[in-house]
2 protein chains.
Amino acid sequence: MSADGDEARLRGEETDVEGTAGKTGGMSGGSGGEASTVRDVAKRAGVSPSTVSRVLGGTYPVATATRAKVLKAMRELDYVVNAHARALGGSTNKTVAFVVDDVTGPFYAHIARGVEEQASAEGRLCMLCTTHGDPQRALGVVELMREQRADCVIVVGGAWEDKAYQDRMTHFAHALDRAGSRLGLVGRPPLGEGVPATVVEYDNEGGAFAMTTHLLSQGHRRIAYLGRVPLLSTSRERLQGFTSAHDMLGLSPYPRLIKDGVFSRSYGYQATRELLASKADFSAIFAATDMVAAGVLQALREGGVRVPEDVSVAGYDDIPVALDMYPQLTTVSVPHEELGRTAVRLALHRDELPDSQHQVLGTHIVVRGSTRRRGK
Amino acid sequence: MSADGDEARLRGEETDVEGTAGKTGGMSGGSGGEASTVRDVAKRAGVSPSTVSRVLGGTYPVATATRAKVLKAMRELDYVVNAHARALGGSTNKTVAFVVDDVTGPFYAHIARGVEEQASAEGRLCMLCTTHGDPQRALGVVELMREQRADCVIVVGGAWEDKAYQDRMTHFAHALDRAGSRLGLVGRPPLGEGVPATVVEYDNEGGAFAMTTHLLSQGHRRIAYLGRVPLLSTSRERLQGFTSAHDMLGLSPYPRLIKDGVFSRSYGYQATRELLASKADFSAIFAATDMVAAGVLQALREGGVRVPEDVSVAGYDDIPVALDMYPQLTTVSVPHEELGRTAVRLALHRDELPDSQHQVLGTHIVVRGSTRRRGK
DNA sequence: CTGAAAGCGCTAACAG
DNA sequence: CTGTTAGCGCTTTCAG
């Protein structure tokens, strides 16, 4: 555990600033001066490199006087360890990789926060990669993280139900595992039996089922579902929940009211306009995500349709914006941060913790102002 | 430019999956199997390590037949370079560090996206650190990034106007510069003359000035300003714009209507409730950020105050949520992504690009439904 | 407690 | 075109 030093640094300790900066302040020519190394420090302190290394690690007994000399030399030289050299030593790398579609979505942002928090709580740095919804890029990025020898690689969302993609991902899972690392999958289904990966999901289908049941129980019968993305597991599961809820009451969804499209605000806007233009008959819209719902609300407002008087609208995700919409959005709440934290925790301690293979976190619906009993 | 290989990988190429995974698939015991090295590959291909290294880099002439043998061996061994060993070689490290308060804020998220995009466009990986608004932690994190030998360290927001903090940051700027790296400051003022750092700001004061002028020109005279954070430069500049706009018309702000508080939704909510409870007289509220404005709108709505009929509300940042609020928020638009992209670009190419020291991007107000002429 | 020596995995001169 | 030889900066035995 050479973490001592790092953690202190995370806390921002080290009260030394003094004239050090001035010493070399003049030569701000850039790429000129080489960074100082353990050897420089050793020389200056009149000790051996190993001793310097020992005070660095803090893990080994070093005479107080010696340690002081070394620390002084480090300060004077403005020394910082070279993380790569340290990582190369084979010992520890201390990095958590985080692969996500797009940091911009509040959905991802909150998971990212959970990941980052847990990572830094465990003394790890966090590498961030985005895939912009491109499965090819996702694969490339995971490979890159493998090169970085990250302690674990957390991949969020974007579970493409494509054979080649899944095979490739499965391959990575094994490769990472072999290297003592770990693949963590958040918000997506397991890759299969025996694949060494940590999966932290939330109940997509359950949430959609609950929401649909809620709408049906409010008397809605013609419910539009916006956001069927073929080949995306999240989408499939939510739609499944939507369908099963109908089934349970001996009803079935209207195919005409199920619209394909990506999970975006503008898609929600467009799809709703089309729905309106086609004079389709519906009393509620279930948007696959809150972002889609945002577009829906705007289109309805512009179309002069009142929410929830004329049409009820529900979303999925419960991102913070849901509170800022008008009316506030009824939606399915997902424990974003916890997903991120849990994934990192389980992936890092796969051997000590139970259930580190697969965990499903619950979801629940949150009823706000955008839905109400039909015709009330 | 050994980037060839990496970039291909970013594009997710490498079509090989085959039975490779199965080869060692059984031994999924974790930390067991060591990762293979250039030497293993060399041995298997019957060549020398250097040759392997050469095909890895792609930068050197290698006989087609040899290259094929090597590639085959790599595939069979499921080899991936060790980024740390490579970085240690001194050549290139290929990382951009990104330090931010909190990924969760849409404001930061968009800058993050810009940073990430530009970084990956330049073949760099992105390290993410959050500071949770703690200047001490920010300093610690920058130090950590220095250990990582990042090509550049981009710090967003949270410019504490605290002497010790600034000295320390200045020190880092020099240290990074000395190491051939670069400190990039986004959305915060320069550290001072001659400090080697790339600063990309946006016009905080100008935006606040424009917005305030707009409100005043609409007949508002008693404007509340919510979000004066002592010691935070962003806050000071916005408040300055607010004040100057008054000055220009020979007016002055009402001290009673200027409320201190952090930039958060809940602060906006609280402050507004207090304003309402104190029966203060005002016809407009200028919130220091859109998040604050979100809280303001909610409090007003709950208090039965109509927006914009009774009170006009303006924000700052133009984050996506501004469109989802009701009424849609009049605010100051900031080019978030461009800030991020520009910072990375300038920091990475400080020597080739002009004006790589300091750049101020413009802001402009966007008038939406939350403001209108007073008493209309 | 401290020093000397041997790598970690890769790249980069030099010679072939 | 390809093999040999040195390190990059740090940790880590193994002897003092």
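If you're wondering where the values come from, they're calculated on a predicted model, not measured in any experiment. Values reported hereafter were calculated over all heavy atoms of this structure, with side chains retained and with hydrogens, waters and symmetry mates removed.
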Spacing of [X] atom [atom1] relative to [N] atom [atom2], expressed in whole Å:
| X | N | atom1 | atom2 | value |
| --- | --- | --- | --- | --- |
| B/H84 | D/dG7 | NE2 | P | 24 Å |
| A/D40 | D/dC10 | CG | C1' | 13 Å |
| A/L88 | C/dT11 | CG | C1' | 12 Å |
| A/Y79 | D/dG9 | OH | P | 10 Å |
| B/R39 | D/dT5 | CZ | C1' | 12 Å |
| A/Y60 | C/dC1 | OH | P | 12 Å |
| A/L56 | D/dT11 | CG | C1' | 10 Å |
| B/R149 | D/dC10 | CZ | C1' | 11 Å |

Checklist line | SB check B/D151 B/R124 (cutoff 4.0 Å) | finding: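 Yes, B/D151 and B/R124 are salt-bridged.
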
Check: Do the charged groups of B/D78 and A/R146 touch, with an N to O distance under 4.0 Å?
Finding: yes

Margin query: Under 4.0 Å, counting only non-hydrogen atoms across every strand here, what does B/T37 touch: a base, just sugar-phosphate, or nothing?
Written below: sugar-phosphate

Check: Would you say the side chains of B/D101 and B/T131 form a donor-acceptor pair under 3.5 Å?
Finding: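 Side chains of B/D101 and B/T131: pair found under 3.5 Å.
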
Check: Just by distance, with hydrogens left out, do A/T198 and A/R182 show a side-chain donor and acceptor under 3.5 Å apart?
Finding: yes

Checklist line | Check: B/V195 main-chain N/O paired with B/Q357 side-chain donor or acceptor under 3.5 Å | finding: yes

Provide a list of protein-nucleic acid N or O atom pairs under 3.5 angstrom, restricted to nucleotides 3-5 of chain C.
| unit_1 | atom_1 | unit_2 | atom_2 | d |
| --- | --- | --- | --- | --- |
| C/dG3 | OP2 | A/S48 | N | 3.0 |
| C/dG3 | OP2 | A/S48 | OG | 3.2 |
| C/dG3 | OP2 | A/T51 | OG1 | 2.6 |
| C/dG3 | N7 | A/R54 | NH2 | 2.6 |
| C/dG3 | O6 | A/R54 | NH1 | 3.3 |
| C/dG3 | O6 | A/R54 | NH2 | 3.3 |
| C/dA4 | N7 | A/S50 | OG | 3.3 |
| C/dA4 | N6 | A/S50 | OG | 3.1 |

Note to self: Less than 4.0 angstrom between a side-chain N/O of B/R86 and OP1 or OP2 of C/dT11, yes or no?
What the structure shows: yes

Notebook entry, point to check: What's the spacing between B/D351 CG and B/L348 CG if we round to 0.5 Å?
Noted result: 11.0 Å

Item checked: Minimum-distance nucleotide to A/N82 side chain [options: D/dG9, C/dT2, D/dC1] -> D/dG9

Margin query: For B/T130 and B/R137: C-alpha separation, side-chain torsions, deciding distance, then whether side chain to side chain contact (heavy atoms under 4.5 Å, CB included) applies.
Written below: CA-CA 8 Å; B/T130 60; B/R137 205 180 134 87; 4.2 Å; yes

